[in-house]
Amino acid sequence: MTRPSLHLYLAAPRGFCAGVDRAIRIVEMAIEKWGAPVYVRHEIVHNKYVVDELRAKGAVFVEELDDCPDDRPVVFSAHGVPKAVPAEAERRNLIHVDATCPLVTKVHNEAARHNSVGRQLIMVGHAGHPETLGTMGQLPEGEVILVETEADVARITVRDPSQLAVITQTTLSVDDTAGIVAALRRRFPEIMVPAHEDICYATTNRQAAVKAIAPKIAALFVLGSPNSSNSRRLVEVGRAAGCDYAQLVQRAADIDWRALGTPSAIGVTAGASAPEVLVEEVLDAFRARFDVTVDIVETAVEDIEFKVPRALRIPA
C-alpha cells in the first residue's frame with residue numbers, strides 16, 4: 001500500500017537547553033557521589049520522561065523540604081526556590097545542591113539589586129509556576145507584584161510610581177511579554193526595564209523557529225509536558241503565527257492520527273525540557289504512516305554550556 005507523502009519541518013533549535021542539561025547532570029552526579037536515594041525538591045525539570053528516568057536511577061521527587069530526611073542530600077530544581085528553602089536546609093544541616101538555571105539566578109540577582117536601592121518590582125509571570133514562586137520569594141512579601149496579562153497592569157497598586165522595575169519569568173511568550181511591558185511603560189513612564197530581556201535565549205530561539213515554520217504547515221506538534229511553561233508557549237506561538245492545529249504531546253502515542261488526517265506538511269519541535277529521544281520517537285511514528293521528507297529549519301545555533309557546582313566535581 002502506498003503511503004501518503006508528508007513534508008515534515010523539524011525546528012532547530014529544539015529540546016534541551018543548557019540549564020536543563022545542567023540540572024539533569026547535577027541529579028545524576030549527586031546520585032553518583034552520594035548514592036541513592038537523592039531527594040529532589042519539585043520536578044528537576046518539567047518533563048515526565050526525564051523525571052521517570054531519574055527516578056529509576058535513584059532520585060526521589062518531593063514538593064517540600066519537609067518531605068526530605070535529614071540524612072540524605074537534596075537538589076533544588078532548575079526553576080529556582082524562594083530564599084527560605086536553602087535557609088531551612090542550612091538550619092537542618094542538610095546536604096543541598098542548587099540546580100537553579102543560571103539565567104533564573106540572574107533574574108534573582110537583578111531583583112535583589114533593585115530592592116537594595118528601594119525599588120518595588122513588578123514581575124511578569126504565571127501565578128503558581130515554581131519559577132515565579134522562587135523569584136518572588138527572593139524578596140520580602142509585598143516587594144514583588146505579579147502581573148500575568150496587559151489587563152492586570154491597570155489593576156495593580158504600587159508604592160511609588162517613580163521607584164519601579166520590571167523582571168520577567170524566563171519562559172514566557174516573547175510577543176505577549178512585550179505587550180505587557182509596553183502597557184507597564186505607558187502607565188508608569190519611569191519604570192526601569194532591563195536592557196536585555198529576562199526571557200532566556202532558549203525560549204526566544206525556540207519560539208523564533210516555530211514562527212519560521214508555522215506558515216508552511218497544516219499541523220504543529222510540540223513535544224513537552226502539560227506543566228512545562230516554555231512548551232505551552234510554543235503551542236501558543238504556533239497558533240498565533242498561522243498554524244491553527246498546534247498540539248502539545250508528551251509522546252508519539254498522544255498523537256490523534258484520525259483528527260490529523262493526511263496533511264501535506266507538518267512541523268515538529270520540542271520544549272526546552274524535552275529530550276531528543278522523544279522527537280525521534282515522533283519522527284518514527286510519522287515514518288511508519290507516511291512517506292516522510294524531513295526539512296530542518298534552523299534559525300539559531302546554540303553553543304552555551306553551564307558548569308555544574310564545584311562540590312559535585314570533587315571526588316567523594
Side-chain angles (χ1 to χ4, degrees), residues 17-20 45-46 77-83 100-117 119-159 161 163-208 210-211 224 227-237 240 271-273 300 304 306:
C17 63
V20 164
V45 297
H46 284 158
S77 81
H79 311 96
V81 295
K83 265 191 171 181
T100 301
C101 172
L103 298 180
V104 174
T105 299
K106 170 180 165 289
V107 179
H108 291 182
N109 294 338
E110 186 183 338
R113 284 195 299 272
H114 287 302
N115 179 254
S116 70
V117 294
R119 295 189 189 101
Q120 190 176 26
L121 278 296
I122 297 178
M123 180 170 187
V124 183
H126 295 298
H129 189 278
E131 183 185 332
T132 298
L133 295 173
T135 299
M136 294 182 71
Q138 300 304 302
L139 301 181
E141 188 171 350
E143 290 301 311
V144 186
I145 299 171
L146 181 66
V147 296
E148 296 187 83
T149 65
E150 290 187 42
D152 290 342
V153 174
R155 292 191 284 263
I156 60 174
T157 301
V158 302
R159 186 170 58 232
Q163 290 292 313
L164 295 174
V166 177
I167 53 175
T168 80
Q169 188 177 323
T170 63
T171 56
L172 302 177
S173 161
V174 173
D175 295 335
D176 289 349
T177 302
I180 297 170
V181 171
L184 285 167
R185 278 178 150 158
R186 287 192 296 271
R187 184 174 176 200
F188 307 110
E190 296 180 70
I191 196 167
M192 292 197 67
V193 177
H196 301 287
E197 64 184 17
D198 295 329
I199 297 174
C200 78
Y201 77 94
T203 298
T204 301
N205 289 347
R206 279 149 191 73
Q207 290 180 18
V210 165
K211 288 178 183 178
N227 59 342
S228 168
S229 174
N230 77 86
S231 300
R232 290 171 63 187
R233 301 294 81 75
L234 290 175
V235 173
E236 294 170 0
V237 167
S273 49
I304 295 174
F306 296 135

Write down the atom of [X], the atom of [Y], and the distance for their closest heavy-atom approach.
X	Y	answer
T157	I145	O-CD1, 3.4 Å
L103	T170	O-CG2, 4.1 Å
K211	D175	NZ-OD2, 2.9 Å
I167	A111	CD1-CB, 4.1 Å
H79	V104	O-CG1, 3.6 Å
H126	T132	O-OG1, 3.1 Å

Can you check whether [Y]'s main-chain N or O pairs, donor with acceptor, with [X]'s side chain at less than 3.5 Å?
X	Y	answer
N109	K106	no
N230	A272	yes
D198	T168	yes
Q120	G142	yes
R206	A202	yes

Can you find a pair of side-chain heavy atoms, one from [X] and one from [Y], that are under 4.5 Å apart?
X	Y	answer
Q207	L234	yes
M136	L121	no
R159	E143	yes
H129	H46	yes
L172	T203	no
L184	V124	yes

### Message
Quick test of your reading of the model: are E150 and R187 salt-bridged, counting only N-O distances below 4.0 Å?
### Response
no

### Message
Check R113 with E110, please: is the shortest side-chain N to carboxylate O separation under 4.0 Å?
### Response
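Salt bridge: no.
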
### Message
Just by distance, no angles: are the side chains of R233 and S229 close enough, under 3.5 Å, to form a donor-acceptor pair?
### Response
yes

### Summary
dist R186:CZ -> I191:CD1 (nearest 0.5 Å) comes out at 12.5 Å

### Straight-line distance of M192 CE to R185 CZ, nearest 0.5 Å
10.5 Å

### Message
Surrounding CZ of R119 (heavy atoms of other residues, nucleotides or ligands, distance under 6.0 Å), is the total greater than 12?
### Response
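More than 12 heavy atoms, drawn from other residues, nucleotides or ligands, come within 6.0 Å of this atom.
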
### Message
Could you walk me through whether L164 and I122 satisfy the side chain to side chain contact (heavy atoms under 4.5 Å, CB included) test, starting with their C-alpha distance in whole Å, then the side-chain angles of each, then the deciding distance to 0.1 Å, before giving a yes or no?
### Response
CA-CA 7 Å; L164 295 174; I122 297 178; 4.2 Å; yes

